[in-house]
Amino acid sequence: MSSDQPKKEISAIKGTHDILPEEARLWQLAEARAREIFELYGYRELRAPVIEPTELFEKGTGASSDIVTKEMYTFVDKGGRSVTLRPEYTPSVVRAIIEHRLDLQSQPLRYYYMGPMFRYDRPQKGRYRQFHQIDIEVFGEKDPAVDAEIVEMAHRLLARLGVEDVLTLVNSVGCKKCRPAYGQELRQAALAARDKLCPDCQRKAEVNPLRIFDCKNEVCRQVASGFPLIIDFLCAECRDHFHKFREYLDLYGIEYRVEPTLVRGLDYYTKTAFEIVAEHLGAQNAICGGGRYDDMVREFGGPDLCGIGFAMGLERLLSVARIQVPKDSFVYFAYLGDQAKKESLRLARVLRSEGIECLVEFRDRGMKAHFSRANKLGADWVLIIGEDELKKGKYQLKDMVNSRQFEGSALELAGIIKGKKILEIG
RNA sequence: GUGAGUGUAGCUCAAGGGUUAGAGCACCGGACUGUGGAUCCGGUGGUUGGGGGUUCGAAUCCCCUCACUCACCCCA
């Protein structure tokens with residue numbers, strides 16, 4: 001680089017990250033496990049665009065939510081439309097269902113997806129501006145058994161990824177019939193105790209009193225502990241739903257704790273709300289969050305179709321996952337001279353056709369340097385081609401793990417590598 | 001958006017106003033021209049995050065800015 005180049009190098013946008021090959025292996029593995037498990041339960045992938053009309057989230061996520069009011073990547077495109085990089089996935093699925101009349105298919109509809117989401121937050125551990133979620137949704141099933149099913153499915157995935165020390169919190173946030181009455185009672189209690197609360201909670205008392213329960217201030221917690229709880233206000237239907245949900249959780253052997261103050265941050269939840277938190281994750285410890293949203297599809301002008309789902313944060317998941325990436329096995333070509341290099345290139349094509357990973361480097365090296373390099377790269381096999389091998393048309397294959405060496409034709413060696421045939425030489 | 005802390009080689013860290021900013025690891029090469037991991041020797045690599053100021057002199061002190069970390073807030 002010449003000295004008159006600009007000094008500032010271009011770096012990734014704040015809150016976004018490159019996932020380098022070594023780490024990408026972990027992502028691939030986690031994503032593959034998630035797919036396997038979801039498909040075992042009959043879920044199928046539904047891919048929606050990263051970018052959506054802004055109003056989709058204003059209506060879906062909620063115009064008063066923090067996500068919509070201050071965290072969206074929103075801009076006007078060249079056609080003058082306001083568009084937004086999705087901050088969450090559920091509204092997109094709802095849009096797709098209505099747009100493609102998926103509700104006419106036999107229900108329930110089970111979907112999963114994984115991909116990037118965008119929120120203009122202040123980055124910190126476990127919170128990034130571009131982050132990734134694994135998302136599942138079920139539509140058209142009001143039986144609380146499905147609520148328990150997705151929790152159980154989440155647990156299975158966590159177990160598969162070696163995530164330990166998790167705590168599952170469940171609650172019911174009621175429905176249109178019973179929540180308003182509770183909301184009023186709570187607001188009254190909050191306003192009555194207003195001057196004892198921290199400035200932040202004084203504001204919440206007006207805007208969203210449920211949030212006071214989340215305050216970490218000791219005084220606020222004390223005060224809030226005397227507030228009424230939603231669970232005492234649930235209508236018969238919601239109470240029954242919650243009861244059965246818990247019965248099914250017991251049936252599945254899922255350990256959980258009823259957290260009467262658990263409230264999901266998105267406006268649309270009804271009845272079941274749950275969260276799975278992990279220890280050793282710091283302040284952003286929610287690894288999975290979800291719940292039921294029975295009114296959302298209808299509110300979008302679609303059919304009366306209930307829904308439930310959850311999202312898992314992949315970054316958070318991976319930071320507590322204990323997964324072993326299997327080591328790749330490949331053949332390194334150690335050649336001497338230009339003729340041997342060309343023969344290596346030719347041979348590598350043959351072996352690749354046999355499904356064997358091959359690495360031919362183009363730089364001229366001595367045999368020792370080749371081996372040193374092969375070792376550094378972690379090659380399981382080194383295929384040696386020099387003058388002797390060119391003459392014979394047979395090659396030396398060294399097993400780098402057991403330090404054994406074999407001789408044979410390309411296909412014979414391929415057989416050895418694939419473990420089908422052993423031709424050992426003295 | 002608010003508060004606090006931290007930025008020195010690719011990584012982990014020294015030097016705390018005074019020669020030319022060092023070490024380990026990593027990378028490249030040699031000892032060793034057809035057989036790796038070890039050892040020894042050498043080499044590449046820095047406008048000390050960036051900009052401005054104070055000073056005879058700044059990695060070091062001050063201001064701004066950027067990034068990261070932690071917390072608030074929010075949430076996955």
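The structure displayed is predicted, hence computed values, not measured ones. Below, chains carry the letters A, B, ... as their sequence lines are ordered, and counting in each starts from 1.
Rounded to whole angstrom, the span from the CG atom of N402(A) across to the C1' atom of G36(B) amounts to 14 Å. One atom, CD of Q130(A), and another, P of A76(B), lie 17 Å apart when rounded to the nearest Å. Y113(A) places its OH atom 15 Å from the C1' atom of A76(B), with the value rounded to the nearest Å. Separating the CD atom of E315(A) from the C1' atom of C75(B) is a distance of 13 Å, rounded to the nearest angstrom. The distance between atom CD of E275(A) and atom C1' of C75(B), rounded to the nearest whole Å, is 8 Å. At whole-Å resolution of the value, NZ in K14(A) and C1' in G49(B) are 14 Å apart. Nucleotide C75(B) holds its C1' atom 15 Å from the CZ atom of F274(A), rounded to whole Å. Per the geometry, CZ belonging to F118(A) stands 14 Å off C1' belonging to A76(B), to the nearest Å.
Between the base of G37(B) and the side chain of S372(A) there is no donor-acceptor pair shorter than 3.5 Å. Side chain R122(A) to base C70(B): no donor-acceptor pair is found below 3.5 Å. Put simply, the side chain of Q405(A) and the base of U35(B) share a donor and an acceptor less than 3.5 Å apart.
Salt bridge absent: R363(A) and E361(A) never bring a charged side-chain N and a carboxylate O closer than 4.0 Å.
Distances from the side chain of E71(A) to the nucleotides G37(B), G34(B), C74(B) place C74(B) closest. The E389(A) side chain lies nearest to G34(B) when the options are G34(B), C75(B), A71(B). Considering only side-chain atoms of R127(A), the nucleotide from C73(B), G36(B), G3(B) that sits closest is C73(B). With C75(B), G37(B), G34(B) as the choices, the nucleotide that has an atom nearest any side-chain atom of N375(A) turns out to be G37(B). Closest to the S403(A) side chain, of the nucleotides G37(B), C28(B), G1(B), is G37(B).
Note on ring orientation: taking the six-membered ring where Trp is involved, the planes of F139(A) and Y111(A) are tilted (angle from 30° to 60°). Note on ring orientation: taking the six-membered ring where Trp is involved, the planes of F38(A) and Y43(A) are tilted (angle from 30° to 60°).
Rounded to a whole angstrom, the distance from the C1' atom of U39(B) to that of U20(B) is 32 Å. U12(B) and C68(B) have their P atoms separated by 15 Å, given to the nearest Å. The same atom, P, is picked in A4(B) and in C75(B); the two are 25 Å apart, to the nearest Å. Remark: the separation of the C1' atoms in G37(B) and A76(B) is 43 Å, to the nearest Å. Look at the C1' atom in both U33(B) and G50(B): the space between them is 49 Å, to the nearest Å. If you take atom P in G46(B) and the same atom in A9(B), they sit 10 Å apart, rounded to whole Å. Comparing the P positions of G30(B) and C13(B) gives a spacing of 33 Å, expressed to the nearest Å. When the P atom is compared between G29(B) and G16(B), the two are found 37 Å apart, to the nearest whole Å.
Within the nucleic acid shown, L336(A) comes within 4.0 Å of at least one base atom, counting heavy atoms only. Using a 4.0 Å heavy-atom criterion, one finds that Y89(A) contacts no nucleic acid atom at all. Counting any heavy atom pair closer than 4.0 Å across all strands shown, G337(A) reaches no nucleic acid atom. Across all strands shown, S65(A) has no heavy atoms under 4.0 Å from either base or sugar-phosphate atoms. Contacts of R365(A) with the nucleic acid, taken as non-hydrogen atoms under 4.0 Å apart, are absent. Using a 4.0 Å heavy-atom distance criterion, G289(A) is classed as a sugar-phosphate-only contact. Within the nucleic acid shown, A311(A) comes within 4.0 Å of sugar-phosphate atoms alone, with no base atom in reach, counting heavy atoms only. Using a 4.0 Å heavy-atom distance criterion, D135(A) is classed as making no nucleic acid contact. As judged by a 4.0 angstrom heavy-atom cut-off over every strand, I384(A) is placed among the base-contacting residues. Residue R119(A) is in base contact, counting any heavy-atom pair closer than 4.0 Å across all strands shown.
Phosphate contact (OP1/OP2 of C75(B), side-chain N/O of R211(A), threshold under 4.0 Å): present. Side-chain N/O atoms of K70(A) include none lying less than 4.0 angstrom from OP1 or OP2 on U2(B). At G36(B), one or more side-chain N or O atoms of K368(A) fall inside 4.0 Å of OP1 or OP2 (strictly under the cut-off). Contact annotation: K125(A) does not reach the phosphate of U69(B) (side-chain N/O to OP1 or OP2, under 4.0 Å). Put simply, Q124(A) has no side-chain N or O that comes within less than 4.0 Å of OP1 or OP2 on C68(B).
Base pairing of G36(B): no nucleotide in any strand meets the Watson-Crick or G-U wobble criterion (both distances under 3.5 Å). Partner assigned to G43(B) is C27(B), using Watson-Crick or G-U wobble distances below 3.5 angstrom. Base pairing of G57(B) is not made with any nucleotide, judged by Watson-Crick or G-U wobble geometry with both donor-acceptor distances under 3.5 Å. Applying the Watson-Crick and G-U wobble criteria (two distances, each under 3.5 Å), A15(B) pairs with nothing in any strand. Base pairing annotation: A21(B) forms no Watson-Crick or G-U wobble pair, as no partner gives both donor-acceptor distances under 3.5 Å. G1(B) is paired with C72(B) under the Watson-Crick or G-U wobble criterion, all donor-acceptor distances under 3.5 Å.
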Please determine whether side-chain hydrogen bond (donor to acceptor under 3.5 Å, both in side chains) holds for the pair Y112(A) and E39(A), giving the CA-CA distance in whole Å, both sets of side-chain angles, and the decisive distance to 0.1 Å. CA-CA 9 Å; Y112(A) 74 88; E39(A) 305 249 345; 2.7 Å; yes
As a quick check of understanding, evaluate side-chain hydrogen bond (donor to acceptor under 3.5 Å, both in side chains) for R187(A) and Q184(A), giving each step before the final call. CA-CA 5 Å; R187(A) 175 161 287 135; Q184(A) 264 186 350; over 6 Å; no
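In G43(B) the base sits anti relative to the sugar, since the glycosidic angle is further than 90° from 0.
Between K376(A) and T16(A), it is K376(A) whose nearest contact on RNA chain B lies nearer the 5' terminus. For K398(A) and Q284(A), each mapped to the nucleotide of RNA chain B holding its nearest heavy atom, the one lying further toward the 5' end belongs to K398(A).
Remark: R47(A) is not positioned above the aromatic ring of Y113(A), lacking an NZ or CZ atom under 6.0 angstrom from the ring centre and at most 45 degrees off the axis. In this structure, R246(A) satisfies the cation-pi test against F242(A), with its NZ or CZ atom closer than 6.0 Å to the six-membered ring centre and inside 45 degrees of the ring normal.
Although no hydrogens or angles enter the test, the distance criterion places no donor-acceptor pair under 3.5 Å between the side chain of R316(A) and the main chain of I287(A). Panel note: side chain K341(A), backbone F362(A); a donor-acceptor pair is recorded below 3.5 Å.
Partner of D121(A) under the salt bridge (charged side-chain N to carboxylate O under 4.0 Å, His left out) criterion, chosen from K70(A), R127(A), K14(A): R127(A).
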